[in-house]
J.: 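Here you go, one structure.
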Amino acid sequence: MISVDVAVVGAGPAGAAAATTAARLGLRVLLVDRAAFPRDKCCGDGLTTGALRRLEALGLDPRRLPTWEPVRTAHVRIPGGQVASLELPAGATYAATVRRVELDAALVAVARHAGAQVEDGCAVVGARPAGGGSGVELELEGGATVRAWYAVAADGMWSPLRRALGLGEPAYLGEWHAARQYHRRVGAAARDFWVWFERDLQPGYAWSFPLPGERANVGFGVRRAPGERTGSMKALWADLLSRPQISAVLGPLARAEENLKSWPIPARIGATRLAALGGRVLFAGDAARAADCMTGEGIAQALETGELAARFAAASGPAAAGEAAAAYRAAIRRGMAIDDWLSARFSAVLGAERGMRGWFRLANASAGTRRRFVHWMFEDYPRAGLITPWRWRRGFLHPPGPYPG
């Protein structure tokens, strides 16, 4: 029997943030993942300002990773051909790309350095309440048992821990579906961040995020339609790559490095279960359906939910699991759930031709509106920050940039 204060299931950004935070608060922490790190994760590899701030707070400097590439300019093209070129602020890093295979392994290393015990390549195959309701017991592959006061389930959209507790949703397929393909020998795509809003993707979009060595992460994301088969995405991808506005940015020498890879994106944190077993289990990251429902971005949200879950577990202590769950739900309800609601409203605007054009004219009206839009789009402050005054702090709209210099 392994006894800890907090067992974290899943070592992606949410799980690593939870394990690091709990360990730094003096708790005994076990971090387990069925994958062995480093491991790849299908993703656009983009890091918003919000994600960079949380990485910086955790003590991770991703600038040291081999595929780190800061973004200085973002180009947004809408149907009809208009392009807005958005300069990111100087003096700090407000957006960047780095491959998830490197980022996630580095986050696990941070958790280990903070004092968490890490067991990767080890799956959780069962879960149950501990005797007397005094915690939760997890059964590991190979027969070992873990007893913890709390478990943070950060094990993905189809959380095996959620399923082991009888709370699985077999028919759930997420709100978005995305696909990516790495390309080499790219042209303009090697320098800047590109977004293409195409009529047949709205409110979704295609993207190109730069990587070192004249490479790019190129892909697209779409809202999932009920009953739609994802096999059609392969044909759509070939069509997208042939469109002049995209092929011109990638350049004539661009070549794919891999087959197209796709993944679902869960984005409904305002309408999902966040705790189980009377608060002994807290869901975080994709297991909490935490991705932004407008952009599909999920790294900043994963880091935030993981940190919140760990902080409330530590603050409530072993005897007050209900209080931990209630505090966690309240924090999400007063923060990320409102951000999600606003993102959904804005996504509906982007899904209509008139709304897209109106938004573009407003955002691109002047240097000042472009600057303000950059801060909002890249999550320099919470999506719904302006309508949630309880989150305001001195310098709320103009905090120091992450990773200055």
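Excluded from the calculations below are hydrogen atoms, water molecules and symmetry mates; all remaining heavy atoms, backbone and side chain alike, are included.
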J.: Checking V136 against V281 for the side-chain contact (heavy atoms from CB on, under 4.5 Å) test, could you report, in this order, the C-alpha distance in whole Å, the side-chain angles of both residues, the deciding distance, and whether it holds?
T.: CA-CA 8 Å; V136 57; V281 177; 4.3 Å; yes

J.: Do M356 and Q202 make a side-chain contact, defined as non-hydrogen atoms from C-beta onward lying under 4.5 Å apart?
T.: yes

J.: With a cut-off of 6.0 Å (strictly less than), are more than 12 heavy atoms of other residues, nucleotides or ligands near CG of N259?
T.: no

J.: I'd like to know whether S208 forms a side-chain contact (heavy atoms from CB on, under 4.5 Å) with L250, so could you lay out the CA-CA distance, the side-chain angles of the two residues, the decisive distance to 0.1 Å, and finally the verdict.
T.: CA-CA 8 Å; S208 175; L250 296 181; 4.1 Å; yes

J.: Exactly one of F193, F209, W194 should register a ring pair (Phe, Tyr, Trp, His ring centres under 6.0 Å) with H75. Which one does?
T.: W194

J.: Are the side chain of E119 and the backbone N or O of D33 linked by a donor-acceptor pair below 3.5 Å?
T.: no

J.: Do W196 and V249 have side chains that get closer than 4.5 Å, going by heavy atoms?
T.: yes

J.: Is there a donor in the side chain of T388 and an acceptor in the side chain of R391, or the other way round, less than 3.5 Å apart?
T.: yes

J.: Within this structure, what is the NE2-CD1 distance for the pair H177 and I265, rounded to the nearest 0.5 Å?
T.: 8.5 Å

J.: Using a strict threshold of under 4.0 Å (side-chain N to carboxylate O), is an ion pair present between E353 and R199?
T.: yes

J.: So, for P402 and R53, which heavy atoms are closest and what is the spacing to 0.1 Å?
T.: CD-NH1, 3.7 Å

J.: Checking the side chain of R185 only, and the main-chain atoms of E214 only, is there a donor and an acceptor separated by less than 3.5 Å?
T.: no

J.: Would R329 count as a cation-pi partner of F312, with NZ or CZ less than 6.0 Å from the six-membered ring centre and within 45° of the ring normal?
T.: no

J.: Before accepting this row, confirm whether a basic side-chain N of the pair E169/R163 lies closer than 4.0 Å to the acidic partner's carboxylate O.
T.: no

J.: Less than 4.5 Å apart, side chain to side chain, heavy atoms only: is that true for E379 and Q301?
T.: yes

J.: Closer than 3.5 angstrom, by distance alone: can the side chain of D45 be matched with the main-chain N or O of R100 as a donor-acceptor pair?
T.: yes

J.: Taking the side chain as every heavy atom from C-beta outward, state whether Y172 and P266 have any pair of such atoms under 4.5 Å apart.
T.: yes

J.: Would you say the side-chain atoms of R223 pair up with the backbone N or O of W176, donor to acceptor, closer than 3.5 Å?
T.: no

J.: Taking 4.0 angstrom as the limit, do R54 and E307 come out as a salt bridge?
T.: yes

J.: If we check side-chain contact (heavy atoms from CB on, under 4.5 Å) with D104, which of these qualifies: P38, P13, C43?
T.: P13

J.: If only atom types and distance count, is the side chain of D340 paired as donor or acceptor with the main-chain N or O of R268 below 3.5 Å?
T.: no

J.: Establish, yes or no, whether the cationic atom of R63 lies under 6.0 Å from the six-membered ring centre of Y403 and within 45° of the ring axis.
T.: no

J.: Please walk me through it: do L58 and T21 pass side-chain contact (heavy atoms from CB on, under 4.5 Å)?
T.: CA-CA 8 Å; L58 282 174; T21 302; 4.3 Å; yes

J.: With distance as the sole test, does W390 use its side chain to make a donor-acceptor pair with the main-chain N or O of R334 at under 3.5 Å?
T.: yes

J.: Charged N to carboxylate O below 4.0 Å: is that the case for R128 and E137?
T.: yes

J.: Kindly compute the distance separating NE2 (H375) from OG1 (T49), expressed to the nearest 0.5 Å.
T.: 8.0 Å

J.: I would like to know whether S343 and D292 meet side-chain hydrogen bond (donor to acceptor under 3.5 Å, both in side chains); could you show each step before the answer?
T.: CA-CA 7 Å; S343 288; D292 183 271; 2.9 Å; yes

J.: I need the minimum non-hydrogen distance between L52 and A96, along with the two atoms involved.
T.: CD1-N, 4.4 Å

J.: Quick one: closest heavy-atom pair of A84 and N364, and the distance?
T.: CB-OD1, 3.6 Å

J.: Considering the options Y381, F346, W359, which one meets the ring pair (Phe, Tyr, Trp, His ring centres under 6.0 Å) requirement together with W376?
T.: F346

J.: Check whether any side-chain N or O of H183 sits under 3.5 Å from a backbone N or O of Q181 as a donor-acceptor pair, and report yes or no.
T.: yes

J.: For the CZ atom on R34, are there more than 12 heavy atoms of other groups (residues, nucleotides or ligands in this structure) within a distance under 6.0 Å?
T.: no

J.: I would like to know whether R372 and D380 meet salt bridge (Lys or Arg N to Asp or Glu O under 4.0 Å); could you show each step before the answer?
T.: CA-CA 10 Å; R372 286 189 288 272; D380 195 13; over 6 Å; no

J.: Within the 4.5 Å heavy-atom criterion, are F197 and V76 side-chain neighbours or not?
T.: yes

J.: With heavy-atom distances below 4.5 Å as the criterion, would you say the side chains of M157 and R289 are in contact?
T.: yes

J.: After noting the C-alpha distance and the side-chain angles of S316 and E323, does the key distance pass the side-chain hydrogen bond (donor to acceptor under 3.5 Å, both in side chains) rule?
T.: CA-CA 6 Å; S316 299; E323 293 178 12; 4.8 Å; no

J.: Using only atom types and a distance under 3.5 Å, with no angle test, would you say the side chain of R224 pairs donor to acceptor with the backbone of L173?
T.: yes

J.: What pair of heavy atoms forms the shortest contact from A17 to L303, and how long is it?
T.: CB-O, 3.7 Å

J.: Given L55, which partner from the list V98, I299, V110, L107 fulfils the side-chain contact (heavy atoms from CB on, under 4.5 Å) test?
T.: L107

J.: Under 3.5 Å, is there a donor-acceptor pair between the side chain of E297 and the main chain of A291?
T.: no

J.: Might you point out which heavy atoms bring A74 and F378 nearest each other, and give the distance in Å?
T.: CB-CZ, 4.0 Å

J.: So which of D155, V124, L138 actually passes side-chain contact (heavy atoms from CB on, under 4.5 Å) with V32?
T.: V124

J.: Take E198 and Q245 through the test side-chain hydrogen bond (donor to acceptor under 3.5 Å, both in side chains) and record every step on the way to the result.
T.: CA-CA 10 Å; E198 301 286 299; Q245 62 270 28; 2.9 Å; yes

J.: Does either side chain, that of W207 or that of N217, offer a donor lying less than 3.5 Å from an acceptor on the other one?
T.: yes

J.: Report yes if some heavy atom in the side chain of V146 is under 4.5 Å from a heavy atom in the side chain of L30; otherwise report no.
T.: yes

J.: Does some side-chain heavy atom of W68 sit less than 4.5 Å from a side-chain heavy atom of L47?
T.: yes

J.: Let me see the working for R180 and V218 under side-chain contact (heavy atoms from CB on, under 4.5 Å), right down to the final yes or no.
T.: CA-CA 6 Å; R180 73 114 207 262; V218 190; over 6 Å; no

J.: How long is the span from the NZ atom in K234 to the CG atom in L260, to the nearest 0.5 Å?
T.: 8.0 Å

J.: Check C293 against A344 and note the closest heavy-atom contact, atom names and distance.
T.: SG-N, 3.3 Å

J.: Donor-acceptor pair, T272 side chain versus I269 backbone, under 3.5 Å?
T.: no

